[in-house]
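Report on one structure; see the data block that follows.
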Amino acid sequence: MSIPLLTATAALPAIGAIATAAVPAARRTAAKWLALAVSLATLVLAGIVFARFEPGGDRYQLTESHAWIKDFGVRYELGVDGIGVALLALTALLIPFVILAGWHDADPSPSSQLRSSRGGPNETNPYHWRPTQGFFALILMVEAMVILSFTATDVFLFYILFEAMLIPMYFLIGGFGDRAHAGSDENAATQRSYAAVKFLLYNLAGGLIMLAAVIGLYVVAGSFSLSEIAEARANGSLDMASSTERWLFLGFFFAFAVKAPLWPLHTWLPNAMGEATTPVAVLITAVVDKVGTFAMLRFCLQLFPEASKWATPVVLVLALISIVYGALLAVGQRDIKRLIAYASISHFGFIVLGIFAMTSQGQSGATLYMVNHGISTAALMLVAGFLITRRGSRLIADYGGVQKVAPVLAGTFLIGGLATLSLPGLAPFVSEFLVLVGAFSAYPVVGIIATVGIVLAALYVLVLYQRTMTGPVREGIGSMPDLKVRELAVALPLIALLIFLGVFPKPLTEVVNPAVQHTMHDVQKKDPQPEVEAAK
């Protein structure tokens with residue numbers, strides 16, 4: 001009997017989350033090591049999944065199917081294609097770095113320990129009783145749900161996971177805030193609460209609209225299974241009116257655009273990333289938000305191909321606005337974390353542009369962009385977090401001359417920034433180039449406008465580096481220590497991976513490209529052929 005590998009890969013962090021939460025309150029260090037060990041074991045399982053995936057094989061591999069809610073036709077169905085397996089590997093790869101980077105972020109502060117010793121709120125409130133255990137348990141629970149989201153091939157199962165991951169994320173944002181917040185503890189708590197509630201309300205609103213579309217899909221198709229719906233569409237037994245398909249597409253797309261996030265549904269992201277701890281900010285933009293863009297490929301294009309083509313002009317306009325608008329706001333930011341958040345909005349615009357360009361280059365680039373953006377944003381944000389922890393401020397104006405006192409920190413920060421602006425030789429360049437080529441071949445004007453985002457990215461990244469790392473050493477910077485062993489263990493592997501995938505992207509492209517061809521077949525699109533003038 002073969003082991004259900006996909007279930008095991010998701011179940012391990014879920015079980016680890018329960019075990020971590022159960023560690024006694026006084027054993028905070030044991031809880032950290034347990035969470036790290038579980039995340040590394042999950043990475044090993046994800047590596048096995050990636051190794052066993054055959055790029056030239058069936059569309060969905062390592063499949064599992066079990067009856068769940070028989071009366072409603074809901075099944076526990078899992079399977080990975082090339083896109084899903086790449087993002088599953090990304091998730092499993094980043095979680096150990098998130099845990100290492102947040103090693104001390106949930107330790108009780110001296111003030112909270114003092115209140116507890118005096119019989120204050122922390123003594124009776126279990127949420128504050130063991131914050132370290134809760135922090136790492138919630139991270140592992142998010143990992144489990146995201147992995148299942150990338151493997152679910154039953155629409156209803158995906159919806160449950162899509163919504164359920166909001167719960168641990170809400171507590172991670174609202175309960176474990178950034179200690180570099182300017183202002184009083186009360187003001188910081190208010191801002192955290194606002195960011196967490198805004199995150200939850202936006203995503204719940206998208207999810208409720210999606211639920212209506214999921215029910216509508218079942219009424220029309222009689223099934224939640226992607227394979228059954230695809231088979232019914234292929235043999236002509238699924239007759240879906242154009243108007244019905246368009247309404248269902250809009251229900252799904254709205255939820256995914258909120259999660260992505262796509263302009264104008266993006267406003268929750270800067271608040272959430274700004275108020276969360278740095279590792280949680282990475283979890284949001286490098287892991288959780290990828291579920292939205294992934295779902296556009298797996299569900300919108302596969303279930304509603306005609307509606308996807310119908311909506312393409314509007315979606316491309318929204319993607320362009322995200323690219324330019326996000327980059328412009330990043331240029332004007334004074335807060336390091338919010339700058340990276342707005343830069344991510346711009347990058348998600350590129351991903352959506354590649355998806356809806358409806359070319360193989362664009363969709364391959366979009367998938368690679370999801371992976372490479374996750375790595376580059378994790379590298380930049382986590383090193384920025386180490387910087388912020390040392391200075392106790394997120395404001396760019398409070399820095400200057402860091403490279404003179406902490407050259408390794410400055411160097412890793414520079415490489416992460418250069419990856420963010422897609423410097424040739426680093427991983428994001430390959431994906432951004434493919435997106436632009438794919439967009440330009442189908443929509444030349446759109447491709448030209450999108451290049452504005454590249455220019456603005458160079459501006460906000462280089463200005464950020466100049467203001468924080470160069471120039472005279474500002475007050476409070478002179479005694480700043482360089483990266484320590486734990487921090488180097490976080491930064492250096494991510495930097496190495498950015499360089500490796502920048503010069504040798506084949507391990508990803510050969511896995512992703514067959515899945516992209518399946519998606520192109522779903523929407524019945526072919527790449528535009530270049531016009532070659534006949535020789536005279």
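A quick note: this is a predicted structure, and the numbers were derived from the prediction, not measured.
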Is [X] reaching over with its side chain to a backbone N or O of [Y], donor-acceptor style, under 3.5 angstrom?
{"X": "Arg474", "Y": "Ala397", "value": "yes"}
{"X": "Arg59", "Y": "Asp81", "value": "no"}
{"X": "Thr151", "Y": "Leu148", "value": "yes"}
{"X": "Thr20", "Y": "Ala137", "value": "no"}
{"X": "Ser346", "Y": "Gly326", "value": "no"}
{"X": "Trp268", "Y": "Val258", "value": "yes"}
{"X": "Gln403", "Y": "Ala410", "value": "no"}
{"X": "Asp482", "Y": "Val408", "value": "yes"}
{"X": "Gln61", "Y": "Glu54", "value": "yes"}
{"X": "Glu143", "Y": "Ile139", "value": "no"}

How are the rings of Tyr465 and Phe413 set to each other: parallel, tilted or perpendicular (split at 30° and 60°)?
-> parallel
So Phe150 and Phe294, would you call those rings parallel, tilted or perpendicular, with 30° and 60° as cut-offs?
-> perpendicular
Do [X] and [Y] come close enough that some side-chain heavy atom pair is under 4.5 Å?
{"X": "Phe162", "Y": "Asn203", "result": "no"}
{"X": "Glu432", "Y": "Leu421", "result": "no"}
{"X": "Val511", "Y": "Phe50", "result": "yes"}
{"X": "Leu426", "Y": "Asn372", "result": "no"}
{"X": "Ile336", "Y": "Tyr399", "result": "yes"}
{"X": "Thr451", "Y": "Val455", "result": "no"}
{"X": "Lys404", "Y": "Met469", "result": "no"}
{"X": "Val291", "Y": "Phe256", "result": "no"}

Which heavy atom of [X] sits nearest to which heavy atom of [Y], and what is that distance?
{"X": "Leu436", "Y": "Ala450", "result": "CD2-CB, 3.7 Å"}
{"X": "Gly385", "Y": "Thr278", "result": "CA-OG1, 3.5 Å"}
{"X": "Val435", "Y": "Gly365", "result": "CG2-C, 3.5 Å"}
{"X": "Ser39", "Y": "Ile95", "result": "CB-CG2, 3.9 Å"}
{"X": "Ile147", "Y": "Ala10", "result": "CG2-CB, 4.0 Å"}
{"X": "Ala343", "Y": "Ala330", "result": "N-CB, 4.0 Å"}

Assess whether atom [atom1] of [X] is packed by more than 12 heavy atoms of other residues, nucleotides or ligands within 6.0 Å.
{"X": "Phe53", "atom1": "CZ", "result": "yes"}
{"X": "Arg391", "atom1": "CZ", "result": "yes"}
{"X": "Arg334", "atom1": "CZ", "result": "no"}
{"X": "Phe433", "atom1": "CZ", "result": "no"}

Could you give me the CA-CA distance, side-chain angles and deciding distance for Phe254 and Leu265, then say whether side-chain contact (heavy atoms from CB on, under 4.5 Å) is met?
-> CA-CA 9 Å; Phe254 182 85; Leu265 305 171; 3.8 Å; yes
From [atom1] ([X]) to [atom2] ([Y]), nearest 0.5 Å:
{"X": "Asn513", "Y": "His518", "atom1": "CG", "atom2": "NE2", "value": "11.5 Å"}
{"X": "Ile345", "Y": "Ile340", "atom1": "CD1", "atom2": "CD1", "value": "12.5 Å"}
{"X": "Leu297", "Y": "Ser308", "atom1": "CG", "atom2": "OG", "value": "10.0 Å"}
{"X": "Lys290", "Y": "Thr91", "atom1": "NZ", "atom2": "OG1", "value": "9.0 Å"}
{"X": "Ile396", "Y": "Lys337", "atom1": "CD1", "atom2": "NZ", "value": "13.5 Å"}
{"X": "Leu382", "Y": "Leu387", "atom1": "CG", "atom2": "CG", "value": "12.5 Å"}

Please step through side-chain contact (heavy atoms from CB on, under 4.5 Å) for the pair Leu353 and Val315, ending with a clear verdict.
-> CA-CA 8 Å; Leu353 174 63; Val315 176; over 6 Å; no
Given side-chain contact (heavy atoms from CB on, under 4.5 Å), test Val352 with Leu318 step by step and report yes or no.
-> CA-CA 9 Å; Val352 175; Leu318 296 178; over 6 Å; no
What's the verdict on side-chain contact (heavy atoms from CB on, under 4.5 Å) for Val287 and Leu87, showing C-alpha distance, side-chain angles and the deciding distance?
-> CA-CA 8 Å; Val287 177; Leu87 293 173; over 6 Å; no
Check ion pair Glu163-Lys259 (N to O, under 4.0 angstrom) | no
Can a donor-acceptor pair be found between the side chains of Thr285 and Ser344 at a distance below 3.5 Å?
-> yes
Under 3.5 Å side-chain donor-acceptor pair for Tyr443 and Thr312 | no
Looking at the rings of His373 and Phe348, which for Trp means the six-membered one, are their centres under 6.0 Å apart?
-> yes
So, Phe158 versus Phe252, ring centres under 6.0 angstrom or not?
-> no
Side chain to side chain contact (heavy atoms under 4.5 Å, CB included) with Val461: which of Val331, Thr420, Leu423?
-> Thr420
Can Lys32 be said to sit on top of Phe136's aromatic six-ring, NZ or CZ under 6.0 Å from centre and within 45° of the ring axis?
-> no
Check the pair Thr293, Tyr369 against side-chain hydrogen bond (donor to acceptor under 3.5 Å, both in side chains), reporting the backbone distance first and the verdict last.
-> CA-CA 10 Å; Thr293 46; Tyr369 215 129; over 6 Å; no
Steps toward salt bridge (charged side-chain N to carboxylate O under 4.0 Å, His left out) verdict (Arg390, Glu487) = CA-CA 12 Å; Arg390 284 160 166 74; Glu487 296 164 335; 2.6 Å; yes
